[in-house]
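Worksheet for the structure shown next.
Computation of the quantities below employed the complete heavy-atom set of this structure, encompassing side-chain atoms and omitting hydrogens, waters and symmetry-equivalent molecules. Counting from 1, the numbers follow the sequence of the chain as shown.
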Amino acid sequence: MAGEAAGDSAGPRRAVEKLSEAVGERTKALGSALQEAHRQRRLLLVIVCVALLLDNMLYMVIVPIIPDFIATMGGHPGAPQQQQQPGNRSGNASKPLQLLRPRYPADNEDIKIGVLFASKAILQLLVNPLSGTFIDRVGYSIPLFIGLSVMFLSTVIFAFAENYGTLFAARSLQGLGSAFADTSGIALIADKYTEESERNRALGIALAFISFGSLVAPPFGGILYHFAGKRVPFLVLACISLLDGLLLLLAIKPFSDRTRDNMPVGTPIHRLMVDPYIAVVAGALTTCNIPLAFLEPTIANWMMKTMGANEWEMGLTWLPAFFPHVLGVYITVKLADKYPHLQWFYGALGMAIIGASSCMVPACRNFGQLIVPLCGICFGIALVDTALLPTLAFLVDVRHVSVYGSVYAIADISYSVAYALGPIVAGEIVHSFGFVQLNLGMGLANVLYAPVLLALKNICQMKPSHSERNILLDEGPKGLYDTIKMEERQRKGKNLRPVGGMEENSVDSYHRDLKGASEEDSSDYEYT
């Protein structure tokens with residue numbers, strides 16, 4: 001009997017052991033699969049895209065929520081709804097639709113909302129120079145995790161805020177997280193996708209997620225706010241942010257990655273800012289985003305006054321523009337694959353489309369007509385962003401050290417300038433000069449800036465083979481450069497000659513040949 005009992009217990013034990021062995025083998029297989037270069041790149045792209053989606057959803061999800069919430073805190077919760085009720089509509093029936101659009105109450109509440117909306121971009125603008133330098137020194141994964149953690153904390157504070165001061169702190173904290181997450185995420189994509197065509201596609205996918213997050217967030221926030229309460233939209237975003245951060249920790253292990261120890265020092269951000277070609281790109285990114293940043297806080301009131309728009313029309317104003325934005329990203333990526341030397345032209349064409357569309361907005365008399373210029377604006381922005389964001393990485397490759405934190409911090413600064421001014425300045429311009437003059441000014445600025453991109457023509461025609469990345473690496477790039485690889489390449493004497501002393505494990509300076517079709521350009525590079 002004892003032998004039979006022992007035999008009966010041995011059977012389940014063996015089954016458990018076999019199951020644990022199978023689980024262990026599956027875990028090892030999954031771990032080895034994640035270590036493969038192409039799989040890890042795809043996983044990193046997913047993590048970055050989710051981070052960008054979250055940041056832009058949190059940026060826009062408060063649009064339909066905050067005006068009503070601030071009015072409630074002010075002690076007159078019914079006032080905004082009563083102001084917007086047409087004659088034969090009930091307040092309860094129209095409230096879900098009113099929450100789909102931005103509403104700026106009277107008196108000093110519009111100032112409060114404008115400052116609240118701009119606080120994120122203002123802090124992001126101030127922090128980006130520091131975050132770009134930090135990213136260059138420690139790599140991309142750790143700042144991305146820091147950004148996701150700060151965004152999670154900001155979202156939780158939003159969910160439980162009960163006064164304006166807490167809302168302002170949460171909004172500003174989001175700007176701090178964005179300065180790390182957005183910049184390091186885009187720089188990480190540029191670093192991992194080294195081929196020009198692959199980099200264009202990867203950055204195009206990231207831009208599509210940015211557009212989707214910005215355009216779907218107001219309906220998402222308004223509907224959940226009405227049916228489930230103020231906290232639910234923020235808690236949903238907080239959970240997604242937490243999962244994205246955990247995925248980064250488990251799959252990438254940013255704090256155990258020591259590859260940054262022997263990496264080159266990136267070009268300081270102040271030197272990148274005075275590079276004329278990078279300055280041209282940064283100016284284009286700011287100018288092309290001004291119409292979107294200035295119209296978002298002003299177009300709803302203009303629609304109500306001029307065309308008697310319904311609440312659902314004002315709430316879904318920008319949603320149809322998502323599709324031409326994705327179409328613009330797709331077209332630019334396809335064209336860049338075939339004609340990569342025309343990136344400057346795609347950006348200039350996008351700015352011309354934005355300028356023409358901005359001038360068309362005041363002439364619209366109904367919602368159907370308004371869709372056309374708004375779609376044109378988003379289509380043009382897609383052309384500019386998709387063409388010029390990879391161009392920034394290319395300029396760093398051929399003119400500086402191929403470390404991308406600081407250059408994409410400059411790009412983030414360009415966006416932040418537009419979105420910091422929009423909520424504060426746009427309303428004052430409309431009040432002082434009029435909505436028509438605002439749009440004509442933005443359109444004219446884009447049309448006049450488009451020819452400036454001709455300055456990028458020769459740079460964009462330079463061959464990627466002159467890039468330091470392709471010269472220095474023996475195998476497919478896996479991140480930033482290893483100093484030992486540089487020394488091995490230097491001994492072979494391929495297009496590199498030292499201009500300073502060389503110690504055992506360091507190179508002080510290199511002089512590289514960067515000939516174009518008929519001209520020669522050279523730059524100095526400092527490494528540790």
Counting only heavy atoms not in Phe367 (residues, nucleotides, ligands), do more than 12 fall under 6.0 Å from its CZ? yes

For Asp191 and Ala187, indicate whether the former's side chain and the latter's backbone hold a donor-acceptor pair under 3.5 Å. no

Please check this pair: side chain of Thr287 against backbone of Ala284, looking for a donor-acceptor N/O pair closer than 3.5 Å. no

For the residue pair Asp55 and Met151, establish whether any side-chain heavy-atom pair is separated by less than 4.5 Å. yes

Check Ala321 against Leu374 and note the closest heavy-atom contact, atom names and distance. CB-O, 3.9 Å

Does a side-chain heavy-atom distance below 4.5 Å link Tyr419 with Tyr59? yes

With no hydrogens and no angle check, just 3.5 Å: does a side-chain donor-acceptor pair link Ser402 and Asp397? yes

Flag the pair Arg171 / Phe158 as yes when at least one side-chain heavy-atom distance between them is below 4.5 Å, and no otherwise. yes

Check: Pro233 and Phe220 side chains under 4.5 Å, non-hydrogen atoms: yes

Show the nearest heavy-atom pair for residues Ala426 and Thr298, with the distance to one decimal. CB-CG2, 3.7 Å

Please find the pair of heavy atoms, one from Gly204 and one from Thr386, that lie closest to each other, and give the distance. CA-CG2, 4.4 Å

Specify the closest pair of heavy atoms between Ala181 and Leu148, including all atoms of both residues, with the distance to one decimal. CB-N, 4.3 Å

In terms of the angle between their ring planes, are Phe435 and Trp302 parallel, tilted or perpendicular, with boundaries placed at 30° and 60°? parallel

Under 3.5 Å, is there a donor on one side chain and an acceptor on the other for Asn458 and Tyr277? no

What is the ring orientation for Tyr408 with Tyr404, classed by angle as parallel under 30°, tilted 30 to 60°, or perpendicular over 60°? tilted

Do the non-hydrogen side-chain atoms of His400 and Ile278 ever get within less than 4.5 Å of each other? yes

Asp182: partners by salt bridge (Lys or Arg N to Asp or Glu O under 4.0 Å), with sequence neighbours left out: none

